[in-house]
Amino acid sequence: MRRNLLTATLCFFLFTVSSSAQDSALLNMLNDSLSKDAKPEVVSGTFKATQLINTPTAEAPAKKTLQFLIMHRFGELSDGAYELFGLDNAEIRFGLDYGIADFLSVGVGRSSLDKTCDANFKLKLLRQTAGKIPVSVSLYELMSYTSFPKKADKPFLTSRFRTAYTSQLLIASKLSRKLSLQLSPTLIHFNMVSTPKDKNDVFALGLGGRMKITNRMSIDAEYNVLPGNQVVSSKVYNSLSLGLDIETGGHVFQLVFTNSRGMIGPYYLAKTSGQWSDGDIYFGFNISRAFNFKRKE
Amino acid sequence: MKTLVFACLLSLLTGSLQAQTFITRNGYAGFFSKTPLEDIKAENRQLYAVIDATKKNLAFTCLVKGFLFPKQLMQEHFNENYIESDKFPKATFVGNYTGDVNAANAGKYPVQIKGQLTLHGVTQTIDVPGTIEVRDNKLIGASEFKLTPGDFNIKIPALVSEKIAKQIDVRVLVECNPK
């Protein structure tokens, strides 16, 4: 009889144990199944904006998204109080970029500096994927047309001579949730240069990155190296820019300090005449606004 | 003695027979925010769910990155700024329901679901109404309820507070097959 009781108790115990463990067991079973099915994740949000400061980032507007971008640089801080430390003068570039597909965007822009128009596209070649692909790579091609001086004043400056091409490979990596870095080897082809000693094909290397300080703010820096003996007829320097990103909904505000006046490849990479140590620092901002054209479902 | 052991074994066996577990890997969870300025919608069709009809237990889990928004920028902000999916990749629920659901009889049964919802690393007890429908040897669970982002330590900056509803409508629909 005692043995019977013992067996019965044991059976009862077994039964209750198997039922009380059910609660978390159900969730564990689901979580195991979820991790087993998980696919490698494509890394998103490497940069908040489509440009670091002047250099384009590997990011592009999403499909059916139109981005309006205003880039603005005041005059030199070293101009002094008479020019209100540069605030009396300004250069601006208006840009429109549209995402045709998730991997391709096209854009146009107009800079006040030398009255330059540009057309560009950005093609996402590779997306960073957790545990598989360490970098995102985009190709950025920009064609620029300088309409200053007027054709009537310089009739020999035909369209051909006013055009330049900038090709950039944007290699970016989001190293942590805060830190992203980008390397951008660049080739610029000028159809016309000032003297025969100047190179028509100019190589430059951009380094840059961002460090998030909050979820919606980050500090950006970029440094563009222009190796010597390429632009010799005028004194040019490497371009160094610092910025602060503030993101609010569909806007990204960037406050920037840079020694480059121009905001497109041929200018900030090969025609930066300012030097930080001389106080040739331009304060400015970039503002972008995204408009969505996807129809509501 | 032998009879007793047999009886015990039988009870165990029938117990496990009765333990009817229903499961799905493509359940639906969606949330909606309506304000005069902006409508926000996100849907996840990879919700893993399990319902134990015997013990009236249920559990849900999903990757928060699986919530898809019509606007890609919103999706990025959701992951980066609000739900922080890199730190807290999963949303889970584990709990039980009250209400008589007869898995053998087709029909729609009202239930009350109570349990622990974990989102953005914060666990809250929720107690919400729902239905469980028995049809074609399936259990179809459905529930609609409201959640407050602040309860889960999801901060909404003042600048966009007019664009995001104070309470977010959540819809869950799972069609579970016998395991």
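Chain identifiers are assigned alphabetically (A, B, ...) following the order of the sequence lines, protein sequences preceding nucleic acid strands; residue numbering begins at 1 within each chain.
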Does [X] have more than 12 heavy atoms from other residues, nucleotides or ligands lying within 6.0 Å of its [atom1]?
{"X": "A/Glu141", "atom1": "CD", "result": "yes"}
{"X": "A/Arg177", "atom1": "CZ", "result": "yes"}
{"X": "B/Asp100", "atom1": "CG", "result": "no"}

Check [X] against [Y] and note the closest heavy-atom contact, atom names and distance.
{"X": "B/Lys155", "Y": "A/Arg216", "answer": "O-NH2, 3.9 Å"}
{"X": "A/Ser35", "Y": "B/Lys90", "answer": "OG-NZ, 4.2 Å"}
{"X": "A/Gly250", "Y": "B/Leu73", "answer": "CA-CD2, 4.0 Å"}

Sort A/Ser33 into side chain, backbone, both or neither according to what part of it lies under 4.5 angstrom from a heavy atom of chain B.
-> both
Which portion of A/Val42 sits near chain B, non-hydrogen atoms under 4.5 angstrom | backbone
Charged N to carboxylate O under 4.0 angstrom, B/Glu80 versus A/Lys174?
-> yes
Heavy-atom pairs under 4.5 Å with chain A are the metric here; pick the option from B/Thr61, B/Thr92, B/Ile23, B/Asn79 that has the most.
-> B/Thr61
Per-residue tally against chain A (heavy atom, under 4.5 Å) across B/Lys163, B/Gln75, B/Gln72, B/His77 peaks at B/His77
Under a 4.5 Å heavy-atom cut-off, does chain A meet the side chain of [X], its backbone, both or neither?
{"X": "B/Asp86", "value": "side chain"}
{"X": "B/Lys179", "value": "side chain"}
{"X": "B/Ile51", "value": "neither"}
{"X": "B/Val160", "value": "side chain"}

When rounded to the nearest 0.5 angstrom, what distance separates [atom1] in [X] from [atom2] in [Y]?
{"X": "B/Met74", "Y": "A/Asn292", "atom1": "CE", "atom2": "CG", "result": "7.5 Å"}
{"X": "A/Leu27", "Y": "B/Asn57", "atom1": "CG", "atom2": "CG", "result": "11.5 Å"}
{"X": "A/Leu26", "Y": "B/Thr21", "atom1": "CG", "atom2": "OG1", "result": "7.0 Å"}

Single hit among A/Asp32, A/Asn31, A/Asp37 for side chain to side chain donor-acceptor pair (under 3.5 Å) with B/Tyr48 = A/Asp37
Between A/Lys212, A/Glu247, A/Lys48, A/Lys63, which has the largest tally of heavy atom pairs under 4.5 Å with chain B?
-> A/Glu247
